[in-house]
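Input: a single structure, listed below in structure tokens.
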Amino acid sequence: MIAHRVFKQVPRILFGSGTLARLDELLPARDAGGSGVRVFLVDQVHKTTGIADRLPRGDQDLLYFVDTGEEPSTRLVDEMRDKVQADCPAEPDAIIGVGGGSSMDVAKAVSVMLRNPGSSSQYQGWDLVPAAGVFKVGIPTVSGSGSEASRTAVLMGPEKKFGINSDFSMFDAILLDSSLIKTVPADQRFHTAMDCYIHSVEAITGTMKNELSGGYATHALELCRHVMLQDGNDDELMTSSYMGGCSVVNSEVGVCHALSYGLSLVLKYRHGLANCIAFNVLDDYYGEYVAEFREMQKKHAIELPTGVARNLSDEDLERMVQMTLKMERPLTNALGTDWAKIFTADRIRELYQQM
Ligand code: NAD
Ligand code: ZN
């Protein structure tokens with residue numbers, strides 16, 4: 001039997017459409033002895049969605065837009081940390097990440113890097129962060145990544161896409177306001193929602209499953225189904241994302257994520273889309289769920305690219321295969337401790353070639 005580690009969860013959650021205006025309730029008081037400065041790290045798309053203007057900000061607060069043109073990198077995080085330190089004479093009281101998984105992960109990582117030396121690339125791995133970060137709040141504006149619930153800040157490093165996985169890279173509070181996801185384009189909404197669907201499937205079918213992770217994943221799946229195949233609403237999608245995230249915190253992802261990281265590293269596909277591309281060829285591993293995924297895809301008229309590995313050089317394909325082989329924990333979760341005997345480099349190459 002697997003010995004489970006201590007599970008941490010986000011301690012404070014403000015839930016409900018329209019709660020953005022009540023952000024103050026989650027933050028340390030301005031007169032509590034800190035600098036009184038709050039730093040907002042906001043997806044650049046919110047220059048035009050109106051969300052940046054709706055943020056309850058004081059005159060002394062700082063706001064930086066996060067470039068989400070590509071998945072966040074360790075370089076971007078290090079640069080943002082340097083900017084915050086240069087602009088803010090004393091340590092900020094709070095870092096507030098507003099956006100999808102990309103912006104929330106940047107916020108988590110910047111919070112950690114304000115209190116730990118060197119480059120964020122040094123902390124990509126499991127439990128490598130020595131000191132707690134600055135108080136941080138996550139505000140998702142697209143639902144599905146589950147970053148709001150997880151202890152992970154996924155970053156693209158020079159040679160690998162990998163998370164800072166630490167209790168210190170988990171939010172101290174989150175605000176789940178479904179009015180913020182109204183402006184997400186339909187295809188992005190689908191891709192990110194499928195990230196949540198896939199987190200739940202991987203958690204529920206994995207060898208690291210337990211009642212706790214299974215409970216979260218089962219409900220996340222039900223909600224996601226209701227939203228994608230029936231008439232579920234945005235509160236349900238937001239809850240599904242959060243619960244899918246909780247299920248993974250208490251277990252692990254699986255084969256789809258192991259393959260999707262390779263697609264993002266080399267071909268630069270965004271995480272949600274990369275997951276969809278990978279999941280679509282995983283009938284052997286997640287059969288009935290892949291069939292349901294296709295039903296959702298059809299209902300929402302989502303087209304996926306095909307032949308994505310067709311023009312890759314041998315060298316690039318090999319980088320993708322090696323990236324997948326680094327994903328030991330997800331592969332152990334999905335296939336057991338002997339995964340390397342069945343999930344070989346040849347098998348991985350074959351799967352990429354089917355995508
Ligand atoms: P994202 O943050 O990358 O954003 C996707 C796109 O949606 C961007 O173009 C963004 O500008 C846009 N967008 C966001 N909110 C919007 C809104 N309200 N209106 C219009 N457009 C909006 O998307 P994501 O799928 O949430 O996150 C993916 C990232 O999260 C990847 O980097 C992935 O590795 C990471 N991730 C992290 C975890 C974790 O546990 N930390 C889990 C899954 C994925
Ligand atoms: Zn994911």
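Counting starts at 1 for both ligands and their atoms, in listed order.
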For atom [atom1] of [X], decide whether the heavy atoms of other residues, nucleotides or ligands shown that lie under 6.0 angstrom number more than 12.
{"X": "Arg75", "atom1": "CZ", "value": "no"}
{"X": "Asp53", "atom1": "CG", "value": "yes"}
{"X": "Asp314", "atom1": "CG", "value": "no"}
{"X": "Gln230", "atom1": "CD", "value": "yes"}

What part of [X], side chain, backbone, both or neither, has a heavy atom within less than 4.0 angstrom of ligand 1?
{"X": "Asp195", "answer": "side chain"}
{"X": "Pro72", "answer": "side chain"}
{"X": "His191", "answer": "neither"}
{"X": "Lys182", "answer": "neither"}

Minimum-distance protein heavy atom relative to [atom]:
{"atom": "atom 9 (O) of ligand 1", "answer": "Arg270 NH2, 3.6 Å"}
{"atom": "atom 36 (N) of ligand 1", "answer": "Asp105 OD2, 3.8 Å"}
{"atom": "atom 15 (N) of ligand 1", "answer": "Thr141 OG1, 2.7 Å"}
{"atom": "atom 20 (C) of ligand 1", "answer": "Thr183 O, 3.3 Å"}
{"atom": "atom 26 (O) of ligand 1", "answer": "Gly101 N, 2.7 Å"}
{"atom": "atom 34 (O) of ligand 1", "answer": "Lys161 NZ, 3.1 Å"}
{"atom": "atom 1 (P) of ligand 1", "answer": "Ser102 OG, 3.4 Å"}
{"atom": "atom 42 (C) of ligand 1", "answer": "Ser145 O, 3.0 Å"}

Suppose I only count heavy atoms of [X] and a 4.0 Å limit; which atoms of ligand 1 are within that range?
{"X": "Ser147", "result": "39 (C), 40 (O), 41 (N)"}
{"X": "Ser150", "result": "39 (C), 40 (O), 41 (N)"}
{"X": "Val184", "result": "16 (C), 17 (C), 18 (N), 19 (N), 20 (C)"}
{"X": "Val45", "result": "11 (O), 13 (N), 16 (C), 21 (N), 22 (C)"}
{"X": "Thr152", "result": "39 (C), 40 (O), 41 (N)"}
{"X": "Gly100", "result": "2 (O), 26 (O)"}
{"X": "Leu180", "result": "18 (N)"}

**Option passing side-chain contact (heavy atoms from CB on, under 4.5 Å) with Thr332 (candidates Met327, Met208, Glu252)** = Met208
**Request:** Report the residue from Val66, Leu155, Ile164 that forms a side-chain contact (heavy atoms from CB on, under 4.5 Å) with Val77.
**Result:** Leu155
**Message:** Applying salt bridge (charged side-chain N to carboxylate O under 4.0 Å, His left out) to Asp167 and Arg151, what does each step give before you reach the verdict?
**Reply:** CA-CA 6 Å; Asp167 282 355; Arg151 66 198 291 275; 3.0 Å; yes
I'd like to know if the side chain of [X] pairs up with that of [Y] as donor and acceptor (distance under 3.5 Å, no hydrogens or angles considered).
{"X": "Ser179", "Y": "Asp177", "answer": "yes"}
{"X": "His271", "Y": "Ser145", "answer": "no"}
{"X": "His199", "Y": "Asp195", "answer": "yes"}
{"X": "His46", "Y": "Thr49", "answer": "yes"}

**Asked** For Asp195, what is the atom name of its N, O or S atom nearest to the Zn ion (ligand 2)?
**Response** OD1
**Prompt:** Parallel, tilted or perpendicular: which fits the ring planes of Tyr197 and Tyr289, with parallel below 30° and perpendicular above 60°?
**Reply:** perpendicular
**Message:** Working to 10°, measure the angle at the Zn ion (ligand 2) formed by atom NE2 of His199 and atom NE2 of His257.
**Reply:** 90°
**Message:** Evaluate Tyr352 against Thr324 for side-chain hydrogen bond (donor to acceptor under 3.5 Å, both in side chains), listing each step before the verdict.
**Reply:** CA-CA 11 Å; Tyr352 277 130; Thr324 300; 2.8 Å; yes
**Item:** Stepwise side chain to side chain contact (heavy atoms under 4.5 Å, CB included) check, Leu351 with Arg347
**Value:** CA-CA 6 Å; Leu351 286 167; Arg347 175 68 181 139; 3.7 Å; yes
**Request:** Examine ligand 1 and decide if any of its atoms is less than 4.0 Å from a heavy atom belonging to Gln44.
**Result:** no
**Request:** Please confirm whether His46 comes under 4.0 Å of ligand 1, counting heavy atoms of the residue only.
**Result:** yes
**From the candidates Thr192, Val249, Asp43, the one that places a heavy atom nearest atom 11 (O) of ligand 1** = Asp43
**Message:** Heavy atoms only: which of His271, Gln188, Met104 lies closest to atom 23 (O) of ligand 1?
**Reply:** Gln188
**Message:** Do Val37 and Met113 land in one hydrophobic cluster if side-chain heavy atoms of ILVMFWY residues count as linked below 4.5 Å?
**Reply:** yes
